[in-house]
**Student:** 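Quick one: the structure is below, questions incoming.
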Amino acid sequence: MWVSYKVKGVWSEPQNLNDVPGEPPVNSVFLDHCPSFSADEAFWTSTRPGGFGGNDIWISRRVEGRWTQPENLGPNVNGPGSEHHSIPTPDGRSLYVTSDRAGGYGGEDTYITTRGEDGKWSPLVNMGPPVNGPGNDRCPVWTPDGKIFLFDSTRAGGFGSRDLWWVYFKDVMGYQPASASTDAILQTAGR
């Protein structure tokens with residue numbers, strides 16, 4: 001993963017994220033991709049050793065201004081298949097994850113996990129319809145105002161092999177009504 005900064009309206013030359021002081025140490029000699037960030041956590045997908053399947057979700061946390069070494073999110077989130085494209089909710093309590101694990105509605109489905117008071121992530125729960133169907137439904141994201149939940153899908157009725165689809169975020173499993181603090185987090189995070 002690489003990063004470029006917009007300075008006075010001009011984008012800087014991309015730099016390897018590991019070479020930039022103050023950025024999380026996400027890159028390895030293995031495949032590292034699909035990053036997402038909150039104010040103090042970086043999530044990404046990696047094929048590095050220490051995982052439970054082909055692609056696993058990893059995390060680095062900013063503690064006292066420094067990023068921790070990467071940690072696997074563990075067997076509640078990662079399984080023998082492939083988990084990728086994770087995105088945290090603005091309050092940091094839930095994480096939406098794409099997985100091809102058995103028992104889903106299609107090839108790849110979107111799941112949700114929620115972090116308990118102890119900091120541990122619950123087992124992934126399939127979000128079901130209307131997000132998941134018989135095709136591949138993956139890579140969720142939402143609009144900056146938190147009203148629309150978007151994802152790509154190979155479901156029937158599209159215009160190509162993968163199309164963008166949307167539902168109202170309030171109709172999605174795990175949705176929490178926006179509060180003033182959530183709105184502030186959304187604006188601070190630029191999401």
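All values reported here derive from a predicted model rather than from experimental measurement.
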**Student:** Out of curiosity, D152 CG to C139 SG, how far, rounded to the nearest 0.5 Å?
**Tutor:**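 The SG atom of C139 is 5.0 Å from CG of D152, to the nearest 0.5 Å.
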**Student:** OH of Y5: more than 12 outside heavy atoms within 6.0 angstrom?
**Tutor:**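 Enclosed.
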**Student:** Count I, L, V, M, F, W, Y as connected when their side-chain heavy atoms are under 4.5 Å apart, and connections chain through other members. Are I57 and I87 then in the same cluster?
**Tutor:**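 No, separate clusters.
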**Student:** Decide whether M1 and V20 are clustered together by the hydrophobic rule: side chain heavy atoms of Ile, Leu, Val, Met, Phe, Trp, Tyr closer than 4.5 Å, transitively.
**Tutor:**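 As far as the 4.5 Å side-chain criterion goes, V20 and M1 are connected within one cluster.
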**Student:** In terms of side-chain heavy atoms, does E83 have a donor or acceptor partner in S99 at a distance below 3.5 Å?
**Tutor:**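 Yes, a side-chain donor-acceptor pair sits under 3.5 Å.
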**Student:** Over all heavy atoms of both residues, which pair between V97 and S86 is shortest? Give the atoms and the distance, please.
**Tutor:**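 Here V97 and S86 meet closest at CG2-CB, 4.0 Å.
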**Student:** Determine, step by step, whether R115 and E41 satisfy the salt bridge (Lys or Arg N to Asp or Glu O under 4.0 Å) criterion, reporting the C-alpha distance in whole Å, the side-chain angles of both residues, the deciding distance to 0.1 Å, and the verdict.
**Tutor:** CA-CA 13 Å; R115 187 171 6 208; E41 293 177 317; 2.8 Å; yes
**Student:** Anything under 30° is parallel, anything over 60° is perpendicular, the rest tilted; go ahead and classify W142 against F149.
**Tutor:**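 Taking F149 first and then W142, their aromatic rings lie parallel (interplane angle under 30°).
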**Student:** Considering only heavy atoms from C-beta outward, does the side chain of M127 approach that of Y111 to under 4.5 Å?
**Tutor:**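 Side chain of M127 against side chain of Y111, heavy atoms only: no contact under 4.5 Å found.
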**Student:** Hey, does the side chain of T89 reach the backbone of S94 with a donor-acceptor pair shorter than 3.5 angstrom?
**Tutor:**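 Side chain of T89 to backbone of S94, a donor-acceptor pair under 3.5 Å: yes, one is there.
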**Student:** Just so I know, are the side chains of W67 and V26 near enough to count as touching, which here means a heavy-atom distance under 4.5 Å?
**Tutor:**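 No - every pair of side-chain heavy atoms lies 4.5 Å or more apart.
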**Student:** Between T45 and N55, do the side chains contain an N or O donor and an N or O acceptor separated by less than 3.5 Å?
**Tutor:**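 Result is no, nothing qualifies.
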**Student:** Could you check whether any side-chain heavy atom of H84 comes within less than 4.5 Å of a side-chain heavy atom of E108, counting everything from C-beta outward?
**Tutor:**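 Counting from C-beta outward, H84 and E108 do come under 4.5 Å.
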**Student:** What distance separates F43 CZ from Y96 OH, expressed to the nearest 0.5 Å?
**Tutor:**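 OH of Y96 is found 13.5 Å from CZ of F43.
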**Student:** Keeping the roles fixed (side chain from D163, backbone from G160), state whether a donor-acceptor pair exists under 3.5 Å.
**Tutor:**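 Checking the backbone N and O of G160 against the side chain of D163, a donor-acceptor pair under 3.5 Å is found.
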**Student:** Does T154 reach the main-chain N or O of S161 with its side chain, forming a donor-acceptor pair under 3.5 Å?
**Tutor:**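 Not at all, since once roles are kept as given, no pair shorter than 3.5 Å links the two residues.
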**Student:** Between D40 and R61, does any NZ, NE, NH1 or NH2 come within less than 4.0 Å of an OD or OE carboxylate oxygen?
**Tutor:**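 Salt bridge between R61 and D40, a charged N being under 4.0 Å from a carboxylate O: no.
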**Student:** Is it true that the side chains of D109 and N126 contain a donor and an acceptor less than 3.5 Å apart?
**Tutor:**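 Distance-only check passes for D109 and N126.
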**Student:** Any non-hydrogen side-chain atom of P70 less than 4.5 Å from a side-chain atom of S46?
**Tutor:**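 They are not in side-chain contact.
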**Student:** Check the pair W121 / L95 against side chain to side chain contact (heavy atoms under 4.5 Å, CB included), numbers first and verdict last.
**Tutor:** CA-CA 9 Å; W121 295 97; L95 189 68; 3.7 Å; yes
**Student:** What are the two closest non-hydrogen atoms of N72 and F52, and how far apart are they?
**Tutor:**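 Minimum heavy-atom contact is OD1-CE1, 3.3 Å.
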**Student:** For residues R155 and P130, report the shortest heavy-atom separation together with the two atoms involved.
**Tutor:**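 Smallest heavy-atom distance, with atoms named: NH1-O, 3.4 Å.
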**Student:** How long is the gap from CD1 on I59 to OG on S38, to the nearest 0.5 Å?
**Tutor:**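 Taking CD1 in I59 and OG in S38, the distance rounds to 7.5 Å.
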**Student:** So if you build clusters from Ile, Leu, Val, Met, Phe, Trp, Tyr with side-chain heavy-atom gaps below 4.5 Å, do W166 and L164 land together?
**Tutor:**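 Per the 4.5 Å side-chain linkage, W166 and L164 are not co-clustered.
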**Student:** Determine the minimum heavy-atom distance between P140 and H85, stating which atoms define it.
**Tutor:**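 So the two residues come closest at O-NE2, 2.8 Å.
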**Student:** Check for me, please, whether L17 and V29 land in the same ILVMFWY cluster - side-chain distances under 4.5 Å, paths through other members count.
**Tutor:**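 As far as the 4.5 Å side-chain criterion goes, V29 and L17 are not connected within one cluster.
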**Student:** Are the side chains of T143 and L150 in contact, using a 4.5 Å heavy-atom criterion?
**Tutor:**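 Touching, per the 4.5 Å side-chain cut-off.
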**Student:** Give a yes or no on whether I112 and W165 share a hydrophobic cluster (residues Ile, Leu, Val, Met, Phe, Trp, Tyr; joining criterion: side-chain heavy atoms under 4.5 Å apart).
**Tutor:**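 Shared cluster, yes.
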**Student:** Is there a donor-acceptor pair closer than 3.5 Å between any side-chain N or O of N132 and the backbone N or O of P129?
**Tutor:**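 The answer is no, because no donor-acceptor pair under 3.5 Å joins these two groups.
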**Student:** Is there side-chain contact between S60 and P25, with at least one heavy-atom pair below 4.5 Å?
**Tutor:**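 Contact flag for S60/P25 side chains = yes.
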**Student:** Measuring only between side-chain heavy atoms, which start at C-beta, is N27 closer than 4.5 Å to N16?
**Tutor:**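 When only atoms from C-beta onward are counted, N16 and N27 do touch, with a gap below 4.5 Å.
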**Student:** Using every non-hydrogen atom in the two residues, find where R48 and W58 come nearest and quote the distance to one decimal.
**Tutor:**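 Scanning both residues completely, I find the closest heavy atoms to be CG-CZ2, 3.3 Å.
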**Student:** After noting the C-alpha distance and the side-chain angles of D137 and Y105, does the key distance pass the side chain to side chain contact (heavy atoms under 4.5 Å, CB included) rule?
**Tutor:** CA-CA 9 Å; D137 304 292; Y105 288 79; 5.7 Å; no
**Student:** Determine, step by step, whether W11 and K6 satisfy the side chain to side chain contact (heavy atoms under 4.5 Å, CB included) criterion, reporting the C-alpha distance in whole Å, the side-chain angles of both residues, the deciding distance to 0.1 Å, and the verdict.
**Tutor:** CA-CA 4 Å; W11 288 99; K6 192 172 186 179; 3.7 Å; yes
**Student:** Are R138 and F151 in a cation-pi setup, meaning NZ or CZ lies under 6.0 angstrom from the ring centre and within 45 degrees of the ring axis?
**Tutor:**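 Because its charged atom misses either the 6.0 Å distance or the 45° angle limit, R138 does not stack over F151.
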**Student:** Measuring only between side-chain heavy atoms, which start at C-beta, is H33 closer than 4.5 Å to W44?
**Tutor:**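 Result no, sub-4.5 Å side-chain heavy-atom pair not found.
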